[in-house]
Amino acid sequence: MNRRKIDVVMSAILIVVGIVILTNNNLVEGGMETELGSMFVPRIIAVCIILCSGTIGIQSLLKIRKQEELSIVEYIDTTGFLGVGIYFSIFILYWLAVPHIGFIVATPFTIFSVAYLLGGRSWLPIGILSIVTPIVIYYGCSQYLRVFLPTWSLS
């Protein structure tokens with residue numbers, strides 16, 4: 001399966017979704033109202049999605065037009081789905097664990113597991129990333145977005 005074609009199609013879909021988020025004011029009912037409006041954060045995220053998707057889509061489209069040979073990482077092997085099953089298992093376990101052991105405890109294990117399955121072998125950077133990222137997300141959500149993520153509740 002050709003990853004370049006999938007990249008172009010997914011990029012186009014994500015760009016359309018981003019444009020809908022940017023142009024539609026009726027997507028939020030209630031929500032956290034700030035001085036900037038309740039659609040400020042979704043619109044910032046939509047711009048990031050459009051930029052990232054556009055970058056990936058344009059690179060893949062240029063390679064398709066030049067008819068470059070596919071590299072090994074651009075070919076998707078569809079013969080075995082063991083890796084997909086492992087990813088689903090990790091995320092289902094994460095989904096079940098977060099309400100009980102909390103976001104801060106469950107997320108580092110998930111990030112580390114996924115990084116390992118993706119082929120990461122630099123243990124120190126993966127470990128640091130697995131610990132720092134959930135702390136930054138937890139702090140940012142609670143302090144700036146007023147979204148309180150699950151905490152430890154084994155009682």
Side-chain angles (χ1 to χ4, degrees), residues 1-34 36-98 103 106-122 125-147 149-150:
M1 185 179 299
N2 188 337
R3 194 185 100 193
R4 291 179 188 164
K5 293 178 183 176
I6 293 172
D7 285 348
V8 170
V9 171
M10 289 303 296
S11 294
I13 291 169
L14 289 171
I15 289 170
V16 169
V17 168
I19 290 171
V20 168
I21 292 170
L22 286 175
T23 58
N24 193 343
N25 288 328
N26 298 323
L27 293 176
V28 174
E29 282 187 27
M32 186 183 85
E33 188 66 37
T34 65
L36 301 171
S38 59
M39 284 297 291
F40 176 71
V41 173
R43 286 186 174 141
I44 293 294
I45 293 171
V47 168
C48 292
I49 289 171
I50 290 170
L51 291 175
C52 292
S53 297
T55 303
I56 293 169
I58 289 170
Q59 288 176 359
S60 294
L61 195 58
L62 290 175
K63 288 180 181 180
I64 289 171
R65 290 195 60 196
K66 290 180 183 178
Q67 297 179 346
E68 291 182 19
E69 289 292 321
L70 288 174
S71 66
I72 293 173
V73 295
E74 292 178 317
Y75 180 75
I76 300 172
D77 184 16
T78 58
T79 58
F81 286 103
L82 179 62
V84 175
I86 293 171
Y87 286 120
F88 275 116
S89 300
I90 289 171
F91 287 116
I92 288 171
L93 288 171
Y94 177 70
W95 178 54
L96 295 172
V98 166
F103 178 82
T107 305
F109 292 109
T110 304
I111 292 174
F112 191 83
S113 301
V114 169
Y116 179 76
L117 284 174
L118 288 174
R121 298 297 181 259
S122 301
I126 291 172
I128 292 170
L129 181 73
S130 298
I131 293 169
V132 171
T133 302
I135 292 170
V136 169
I137 291 171
Y138 187 84
Y139 179 77
C141 285
S142 63
Q143 295 298 316
Y144 298 110
L145 298 178
R146 303 287 191 257
V147 174
L149 298 170

## Note on the structure
One should read off an interatomic distance between F88 CZ and L93 CG, to the nearest 0.5 angstrom, of 13.5 Å
### Task
Could you tell me the separation between the CD1 atom of I92 and the OH atom of Y94, rounded to the nearest 0.5 Å?
14.5 Å
Output side-chain donor-acceptor pairs under 3.5 Å for residues 48-59, partner residues at least two apart or in another chain, one line each.
residue	atom	partner	partner atom	Å
S53	OG	I49	O	2.8
T55	OG1	L51	O	2.8

What residues form a side chain to side chain contact (heavy atoms under 4.5 Å, CB included) with [X], not counting sequence neighbours?
X   : answer
I64 : R4, K5, V8
A46 : I21, L22
F91 : T110, V114

### Query
Which side-chain hydrogen bond (donor to acceptor under 3.5 Å, both in side chains) pairs, counting each pair once, include a residue from residues 7-23, with sequence neighbours left out?
R3-D7, D7-S60
### Query
Taking all non-hydrogen atoms of both residues, which atom of P108 and which atom of F103 are closest, and how far apart?
CD-O, 4.2 Å
### Set of ring pair (Phe, Tyr, Trp, His ring centres under 6.0 Å) partners for Y116, sequence neighbours left out
W123
### Query
Can you list the residues that meet the side chain to side chain donor-acceptor pair (under 3.5 Å) rule with S130, with sequence neighbours excluded?
none
Expected list for residues 133-140: side-chain donor-acceptor pairs under 3.5 angstrom, two or more places apart:
residue	atom	partner	partner atom	Å
T133	OG1	L129	O	2.8

